[in-house]
Student: 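Mind having a look at this structure? Questions to follow.
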Amino acid sequence: MPEAITIPDPVAGPGAVGQVQIDRHAGPSDRTAPPLVIVGGMTQTLASWGAQVRPLSAQRPVLVYEARGQGQTRLATRNVSPPVHVGDFEHLLDALGVTEPVDLCGFSFGGRIALGIAAERPARVRRLVLSGVGAGRGALGRVILRAWREALGTGDLEALAWLSLADTLGPRYLEANESVLAAFVKATVRRNSYENTAALFAQTLDDGPDSPWAPLRLAPRVRAPVLLLTGQLDRLASPSELEALAAAFPNPARVEVLPDVGHTVAIEAPEPWRARVLDFLA
């Protein structure tokens, strides 16, 4: 069941607190694996990971959380920049009494936050799994982001949700699930705030090559073993961009490209994604 965990909220002011929405599962009692912490994509919420949490938690403890600006998390969004997300992660682990290093998994926006956490707080990350994160986005990825910003600029979160479906889901998944796409869009709009999403877009996507939060700037500082996953048809984190990011880590990163899927690998190919993640974390 979702829980609201109280943590410090320095963005709201000195001594202020807020709440992070989480879903956690203890895992089997006869195993001692560290927790797997998952941070989802920009408009993803706890529900986005429902199909993964139960099978993952059959093997190990699992914690999914909605970051500042996502879903039902209640933290000030005047500042949702990457260093604030790093601080929130640490505050959340402290509030939950998690002192050992965790395995950290991030997708897309969440992957970039996870990469920043691993670089900034290396003692808190045992292994790192990134899906849908490359060295850069390339011209196509930059055009897609520009289109998303333009859609968001209309003041209509539904327009962004529809546009992003075509940009993030592969053709095979769209064909098989066309009848439920409208429900996907309605759920995205219902579970997220337009104002918070706009803040995330404005403050977390400026990670060009000169930014200290660019993947190629962060990767050389990561000490943990790394697994990089992408879809063969991912237009935001192409296989070539994944290979370029892999080369930037101080230790060789493992690269997995899943065939015939787009950006949202864990949704489009849930079992192959999960098998690779669990194998890497074992």
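Side chains are part of it too, since the values below use all heavy atoms of this structure and drop only hydrogens, waters and symmetry mates.
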Student: At what distance, to the nearest 0.5 angstrom, does CD of E271 lie from CZ of R276?
Tutor: 11.5 Å

Student: Given side chains that start at C-beta, do those of R274 and P55 come closer than 4.5 Å, heavy atoms only?
Tutor: yes

Student: Any Lys/Arg nitrogen of R137 or D234 sitting under 4.0 Å from an Asp/Glu carboxylate oxygen of the other?
Tutor: no

Student: Indicate yes or no: does D103 engage R60 in a salt bridge with an N to O separation below 4.0 Å.
Tutor: yes

Student: Is a side-chain donor-acceptor pair under 3.5 Å present for N79 with S81?
Tutor: yes

Student: Between E120 and P83 (side chain of the first, backbone of the second, donor and acceptor by atom type, cut-off under 3.5 Å), is there such a pair?
Tutor: no

Student: Can you confirm whether I22 sits close enough to T73 that some side-chain heavy atom of one is under 4.5 Å from a side-chain heavy atom of the other?
Tutor: no

Student: For the atom pair OH (Y65) and CZ (R24), what is the distance rounded to the nearest 0.5 Å?
Tutor: 15.0 Å

Student: If you link I, L, V, M, F, W and Y whenever their side-chain heavy atoms are under 4.5 Å apart, who else ends up in the same group as L229?
Tutor: L36, I38, L46, W49, V53, L56, V62, V64, F107, V129, L227, L258, V261, V265, W273, V277, L278, F280, L281

Student: Report the distance from atom CG of L233 to atom CG of L169, rounding to the nearest 0.5 Å.
Tutor: 11.5 Å

Student: For the atom pair CG (L181) and OG (S179), what is the distance rounded to the nearest 0.5 Å?
Tutor: 7.5 Å

Student: Within the 4.5 Å heavy-atom criterion, are M42 and L205 side-chain neighbours or not?
Tutor: yes

Student: Between R112 and P82, is any pair of side-chain heavy atoms under 4.5 Å apart?
Tutor: no

Student: Side-chain heavy atoms nearer than 4.5 Å, only ILVMFWY residues, links allowed to pass through others: does that put V11 and I5 together?
Tutor: no

Student: Heavy atoms only: give me the nearest P101-R126 pair and the separation to one decimal.
Tutor: CB-N, 3.9 Å

Student: Just wondering, more than 12 heavy atoms not from E100 lying within 6.0 Å of its CD?
Tutor: yes

Student: Looking at every heavy atom in both L157 and S193, which two are closest together, and how far apart are they?
Tutor: CD2-C, 4.3 Å

Student: Regarding Q70 and R68, do their side chains bring together a donor and an acceptor under 3.5 Å, going by distance alone?
Tutor: no

Student: Scan residues 194-235 for pairs that pass ring-ring contact (aromatic ring centres under 6.0 Å, His included), counting only residues two or more places apart or in two chains.
Tutor: none

Student: Return each pair, listed once, that meets ring-ring contact (aromatic ring centres under 6.0 Å, His included) where at least one residue sits in residues 79-104; pairs must be two or more places apart or across chains.
Tutor: H85-F109

Student: So, applying side chain to side chain contact (heavy atoms under 4.5 Å, CB included) with L236, which one of L140, T230, I144, V133 is it?
Tutor: I144

Student: What I'd like to find out is whether the side chain of I7 reaches to under 4.5 Å of the side chain of Q19, using heavy atoms alone.
Tutor: no

Student: Counting heavy atoms not belonging to R149, are there more than 12 under 6.0 Å from its CZ?
Tutor: yes

Student: Is a donor on one side and an acceptor on the other found under 3.5 Å between the side chain of E241 and the backbone of A237?
Tutor: no

Student: Starting at CG of L93, measure out to CG of L104 and round the result to the nearest 0.5 Å.
Tutor: 9.0 Å

Student: Less than 4.0 angstrom from a charged side-chain N to a carboxylate O is my criterion; do R254 and D279 meet it?
Tutor: yes

Student: Kindly compute the distance separating CZ (F249) from CG (L115), expressed to the nearest 0.5 Å.
Tutor: 5.0 Å

